[in-house]
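Order of the sequence lines sets the chain letters (A, B, ...), proteins ahead of strands, with each chain counted from 1. What's counted below: heavy atoms across the whole structure, side chains too, no hydrogens, waters or symmetry copies.
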Amino acid sequence: MSDTLITIVAIFLAAILMFIFPLLSVSERSDDISELAVQSATTEFVDNARATGKITMENYSDLVATTHATGNTYDIEMEVKVLDENVGKKSAWTQGVVIGENIYYSVYTSQILEAIQNSDTGVYTMKEGDIFSVSVKNTNKTLSQTIRSVFYSISGNDVYSIAAQATGVVTATGSY
Amino acid sequence: MKLQGFSIVFALVAIPLILVLTYYIQLQVDTIALQNKYDGKLLDATRDAMSSFEINTANEDLSSVSDSLRTIIEASNNVFFNTLSTSLGYSNASKSFIEPYIPSVLYTLYDGYYISSPTRMPEILIDSDENAVAVGDEGVKLSGNVDGKNIYTYDSNSEDVITENVGEDYGQLLYLKKNSNSEYTTDVNEANLTTKNVLKTYMPYSARYKGNNFDITVVYTLDNYITINGTIGNVYYTKSGYLIPTKDSDEKDIIEIEVDDPSVNLLDYNQNDAENYIKEHHVKLTINDENSSPTVIEFNGNYNELNDQLIQFTNQLESAEEELIDNQLTNKLSATDVANAENTIKTSKENINNIQYDLNKMSAIIYYTKSTIFSNWVEENLHNSSVANVLENNLMQISGIEYETIRGTEEVIHDFEKSNLEVFDTTVTGGGDKEYAGVTEIPVNSSFYTHKLNVIRNSIQYNLNVAMSTYNTQTSKEYSYQMPVMQNEEWDRILSNPSIVSFMQGLPCKLKTYSNYMVVSSTNNEIAVSPKNIYYVLKNNFNDEQSEYHRIDCPDFLNILSNTPESERDCISFSSNEIKYDRILNNNNHYLYNHKNLACYKCINDGNYESVDIFDDTSGDVVKAKLRQEYYLAVGKERNNLYKMNAIDNSHGYEIIYDSTISNNGAGIQSIDKSSSLPIEDIKQIEIVLGTIKTRNAKENLRYEYKVNNQVVTDVSPNSISSNETSNTTLILNLNPADFSGNNNSLNRNIITVTNLNEATSTVYSDTSATVDNNEIFHKAIKYIRVIYK
């Protein structure tokens, strides 16, 4: 009787050790590799945008294509913090604007994409001094997340295992 | 073995594998993260360098003069290293640790570029004030002699001076000797070498072209300004100007100019003469566009008078403003005085804006006139210069190199031998124009631009490659520095605005070695103007704190103009750098802001709006026509007022047609006595060097009337010449274009004739005492004749 019980426990243990654990581990590595790809694609996108002052439909589609090639679905969130400067206001400085005097207001993904689609050129322009940031998170359940949820479950909406983020100050005023 | 045994063995095998894999992948992730971090830091440092460049050019009046520009670039380079080392965790003082990882920094400017790159240099002895010390200076002592070469030591506290036994070393700089820390030598080969970041000499964007009858060097710029030096036929030219399209597709003139005097055709003038004429006359310029109504710019004033008035009103304005400021502290002024001062401010502002608008119109007319004269000349003289004629040094003769990337083929080095583009062709070569910027702008996809970009690119590519590989041979690091292949779109950015490109290589970055470059372009500087970065404000609202300035294609601006009475639609324009770096001090060291208008929210702050196509004239909109006028005016004004480093003061050509000082001595040197290669109508000026005019009476004051091909020349200097002078006199005859237009004869010395206004037609020649014609005496005195073409 006890032998049978031990055998059953052993079979379960063996199954977990021999199949599920390696699978979990391999799928986690696969997520890591996806994250690597997503991170570099995101950084490239942000660097390109901040160096040219333009967010173009072409580059955005590139980012979407590269990230989705990893086999997951992603939520790409863009945010442009527009420097709301009053360059007419003068003070006793060499530059017309004073650090700390400026306010930023934010424009988000849907507004940016709408502006791109409405413009003739397919370009959203930013100016020098704006801040552009992009964060990418997966929205589907990856294999590693599915397996992990067998053992323990995490509740809530913000459950992701692949995430990438890039931010920077825009260095050129985009030409329209 | 039992199942339990199997599972334990499996676990023992699998777990280490998985652990190693995890670690490895984590390391890869870290590498990418670190690389991204370095990318960001490099970009930020490059941007800081650009900011420093912009601020310095804006606050320096002479920023476009080359020496001043050099110090600005050096400062910018310093800022780059400071920011980079600080952000990488080094202090400023130890930025020398970073320097070896920067094989070069490229600065592309308006008409040339600088490369900053580390070079091995001999270590020069400097004193406490950082002045170089030479043999013969205080504290330098002779300490010995090895292989016939003197060895010196230096004591900074000593005031002793040696002059003996130093021989030829006296006055030479001292270098630290190899493998020593206190011995100095004057021999560079014996000197200790250190690596220093050096800004190499300024290299212009130039190419040399050689054809059957011409051999010229062309210096290009980021826009359409070019400088041409060299011979075409027998004439040596030094010309510079803006190249613009002169004829539309129906061969109709794009620029037409009308003046009050019907005999004057300004386009027959030399560029400089035309400019001087416009400054003092009533001129009406018409820009014809096939697709929309013509644009007219008219100027009727006098430059000097306007300038005087401008100074007068500016002074009035400043003193009234200062009175009011003082009054805020002292309350001395009565209510009427305050009202008067306020009134003065209002009227002088209005007057200043009106004068400024007139001056802007004048500048724009000068720009379009000079450009048309120059472009017509290029069209006439260099029509057949195809790219195949490019004959430079090895740089142009190496065959093209292409590089395959996943993005497609990048052309690394352009092969000029294969292309047959016409160099100065300003028409579109194929496909529609993507960015139409007016009829006077050369389309981006014209052969002129394509060729220009290739020339500049090859030149930069070559020199940057040399700088990097030279550095490579000088360092003992295992890492090999290489010039990366830059993408076409990056080149477009580099070559459309002044830019900084920084290269960082060889920095250890976890699993690999970091190698990347960053490009930052400038839009706010004083050395180049792009039509996109010009802002506009209604003339009556200029410098008014309540109203806004706009871009030309802003829909709000169109509305504002539509709601303004037609007579008040004039605009004042300025470039973006004028606002960003506003000049702040007036002559009395009081703050002075010339651009108090606010930025338009839509087009300046946000930048995303539905733009107005001002060139679309299907509905014949008068407001759009006005916008077009303001656009052409602004572009012309900004370009004309830009200081150019490579500009040539007198844009002209010359030919020597007579030289009596060379005699036919049989040694192959021929005396020169010929006719001019170009007809008289192309001649601007004749320079005649006269030797002694030998008349009977000593020191006779001769007043001549000069005729060229029987046409009297009125503009002559000097007015009178003394006879029997021993020194040479240079006589300048300025030919009035109105008098000589259409004269197709060529000039030789015999058709330059004189009549003596003081005396009878003949006089006595002192050498033979025979009575001869005045003209003959004059001709005997001529030593050289130089013809200056328009």
Are D44(B) and R50(A) packed together at the side-chain level, in the sense that at least one heavy-atom pair is separated by less than 4.5 angstrom? yes
If I measure from the heavy atoms of chain A, does Q28(B) come under 4.5 Å with its side chain, its backbone, both, or neither? both
Atom group of T171(A) that falls short of 4.5 Å from chain B, counting heavy atoms: both
Partner chain A: residue of N497(B), L43(B), V520(B) with the largest heavy-atom pair count (under 4.5 Å): L43(B)
Within a radius of less than 6.0 Å around OH of Y105(A), do more than 12 heavy atoms belonging to other residues, nucleotides or ligands occur? yes
Out of curiosity, S522(B) OG to E128(A) CD, how far, rounded to the nearest 0.5 Å? 7.5 Å
Could you grab the distance from atom CD of E44(A) to atom CG of N36(B), nearest 0.5 Å is fine? 10.0 Å
Assert top hit (heavy-atom pairs under 4.5 Å, partner chain B, pool A10(A), S40(A), A115(A), A51(A)) equals A51(A)
S521(B) versus A172(A), closest heavy-atom pair with distance: O-CB, 4.3 Å
Using a 6.0 Å cut-off, check whether atom CD of E77(A) has over 12 heavy atoms from anything other than its own residue. yes
At what distance, to the nearest 0.5 angstrom, does CD1 of I25(B) lie from CZ of R29(A)? 6.0 Å
Okay, side chain of N608(B), backbone of T125(A): is any donor-acceptor separation there less than 3.5 Å? yes
Between I18(B), T46(B), V519(B), I8(B), who has the most heavy-atom pairs with chain A when the cutoff is under 4.5 Å? I18(B)
So, for R47(B) and V170(A), which heavy atoms are closest and what is the spacing to 0.1 Å? NH1-O, 4.0 Å
So, R493(B) and T52(A): side-chain donor and acceptor under 3.5 Å apart, yes or no? no
Only pairs of heavy atoms separated by less than 4.5 Å count here; which of L21(B), T22(B), V29(B) has the most with chain A? T22(B)
Please state whether the side chain, the backbone, both or neither of I15(B) comes within less than 4.5 Å of a heavy atom of chain A. side chain
Hey, could you give me the OG1/NZ distance between T173(A) and K532(B), rounded to the nearest 0.5 Å? 12.5 Å
